[in-house]
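Remarks on the structure that follows.
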Amino acid sequence: MSTLSLLKLSSICMETLTRDGFEILEETPRVDLEHEASGIGKDYVTPTLSSAASDFTHTSAVWLTLRQAGELRAIMGMRYDELGEEAVSDYWKRTYRRQYGAEVSNHPANLSSILGGNLVYMGDLFFHPDIRRSLSRLMSFVNLAHCLSFTKWKSAEYIYAFHHRRDVLRGKTDQYGFGNRLPGPQVWNDGPDYRSAHEYLAVLSRPDFLHRAQYYVLNPELIQHADQFSARP
């Protein structure tokens, strides 16, 4: 039932996007795709998902894209890592030192109880300005990305992302499908401008998403017509 729910939710999301004329693609990480993203207004790709800063295999990372007439319209990156017994705080310290050339510290004491093991990092979500106003498209795209992550990497236990505080307060984290969030997951020392100690860690476990998938399969209109529902008092 769980796998079937993911397949059914994937179908709902894909039908919602294709009805608007989008082609949905699973694309391998590559520099030319990242350059293409800059053409729709995305001015950076995080080192965690950058082909120039990471050594990816065809099975360790993927980009989910939307295209119209071959032109890129939306993009989202996913990366799979098996941490084993390594604490996620130690993993971030070790990998960020190489990826960002910066140090992170002061992780919450309860971090290891929230996140660890086999992880999918999800980031660099970006919609072309012409299509970003539709909540239905956004929810379809991110839920499809969640389905792809948990079916492509069958051992994945969690999906996680980092969200700006302003986006959390605007309700974006809920729209992105994350119910569990933790403020201040790390402090940056000489990090890039787009990373901050005021970020939120957003976490989605496999069991939580399976519940969400079953809920949307029973209520597909909440995705298909999300814009209408969000406008109701």
Side-chain angles (χ1 to χ4, degrees), residues 2-42 45-46 48-51 56-80 120-154 156 159-161 172 174-178 202 204 206 209-210 212-217 219-230:
S2 296
T3 301
L4 187 59
S5 294
L6 294 183
L7 295 176
K8 287 181 177 179
L9 178 57
S10 295
S11 179
I12 291 168
C13 295
M14 293 180 71
E15 288 175 4
T16 304
L17 293 167
T18 55
R19 78 180 180 193
D20 290 342
F22 293 106
E23 180 184 15
I24 308 152
L25 298 174
E26 178 184 340
E27 304 194 45
T28 56
R30 58 188 192 276
V31 173
D32 63 308
L33 178 59
E34 295 162 20
H35 288 165
E36 192 178 3
S38 68
I40 64 172
K42 182 163 181 53
V45 172
T46 56
T48 306
L49 289 168
S50 169
S51 298
F56 295 124
T57 67
H58 288 286
T59 59
S60 64
V62 66
W63 289 96
L64 185 66
T65 63
L66 293 183
R67 293 182 178 273
Q68 284 181 319
E71 297 294 324
L72 186 67
R73 286 294 177 264
I75 190 167
M76 165 88 85
M78 288 149 280
R79 169 182 175 144
Y80 178 62
V120 177
Y121 169 74
M122 182 174 286
D124 288 288
L125 170 65
F126 194 85
F127 275 70
H128 189 284
D130 291 346
I131 68 167
R132 67 174 51 156
R133 291 185 178 274
S134 170
L135 180 57
S136 179
R137 292 172 183 169
L138 173 63
M139 291 183 65
S140 296
F141 191 60
V142 295
N143 277 282
L144 182 58
H146 293 320
C147 288
L148 175 60
S149 296
F150 281 128
T151 53
K152 182 179 182 67
W153 295 298
K154 299 186 185 304
I159 298 172
Y160 74 99
K172 288 295 184 181
D174 288 322
Q175 295 174 14
Y176 298 155
F178 292 90
L204 179 62
R206 180 181 287 270
F209 184 65
L210 291 177
R212 184 185 298 267
Q214 292 168 6
Y215 175 73
Y216 282 136
V217 167
N219 303 276
E221 70 279 1
L222 297 179
I223 288 182
Q224 295 169 331
H225 307 293
D227 297 280
Q228 298 177 23
F229 281 94
S230 66

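All of these numbers come straight from a predicted model, not from anything done at the bench.
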Inter-residue atom distance [X].[atom1] - [Y].[atom2], 0.5 Å rounding:
X	Y	atom1	atom2	result
E36	E71	CD	CD	7.0 Å
L125	R132	CG	CZ	9.5 Å
F22	S140	CZ	OG	10.0 Å
L204	I159	CG	CD1	5.0 Å
M78	M122	CE	CE	5.0 Å
Y215	F209	OH	CZ	14.0 Å

Are the side chains of [X] and [Y] in touch, meaning some heavy atoms are under 4.5 Å apart?
X	Y	value
M76	F141	yes
N143	Y216	yes
T16	R137	no

- Working for side-chain contact (heavy atoms from CB on, under 4.5 Å), residues Q175 and V142: CA-CA 8 Å; Q175 295 174 14; V142 295; over 6 Å; no

Please name the pair of heavy atoms, one in [X] and one in [Y], separated by the smallest distance, quoted to 0.1 Å.
X	Y	result
Q214	S5	CG-OG, 3.2 Å
C147	S10	CB-OG, 3.2 Å
I40	A74	CD1-N, 4.4 Å
L49	F56	O-CE1, 3.6 Å
L6	T151	CD1-CG2, 3.7 Å
L33	T28	CD2-O, 4.2 Å

- Check the pair S136, Q224 against side-chain hydrogen bond (donor to acceptor under 3.5 Å, both in side chains), reporting the backbone distance first and the verdict last. CA-CA 6 Å; S136 179; Q224 295 169 331; over 6 Å; no

- Query: Between L64 and L148, does a side-chain contact (heavy atoms from CB on, under 4.5 Å) hold up when you go through it step by step?
  - Reply: CA-CA 9 Å; L64 185 66; L148 175 60; 4.2 Å; yes

Under a 3.5 Å distance rule, please check whether [X] uses its side chain to pair with a backbone N or O of [Y] as donor and acceptor.
X	Y	answer
W63	R30	no
D124	T46	yes
R79	V62	no
R206	A156	yes

- Query: How about H146 and F178: are their ring centres within less than 6.0 Å of each other?
  - Reply: yes

- Query: Hey, mind stepping through E27 and R67 against salt bridge (Lys or Arg N to Asp or Glu O under 4.0 Å) and telling me if it holds?
  - Reply: CA-CA 12 Å; E27 304 194 45; R67 293 182 178 273; 3.0 Å; yes

- S38 side chain to E34 side chain, donor-acceptor N/O pair below 3.5 angstrom: no

- Would R133 count as a cation-pi partner of F127, with NZ or CZ less than 6.0 Å from the six-membered ring centre and within 45° of the ring normal?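 Output no; distance or angle outside limits.
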
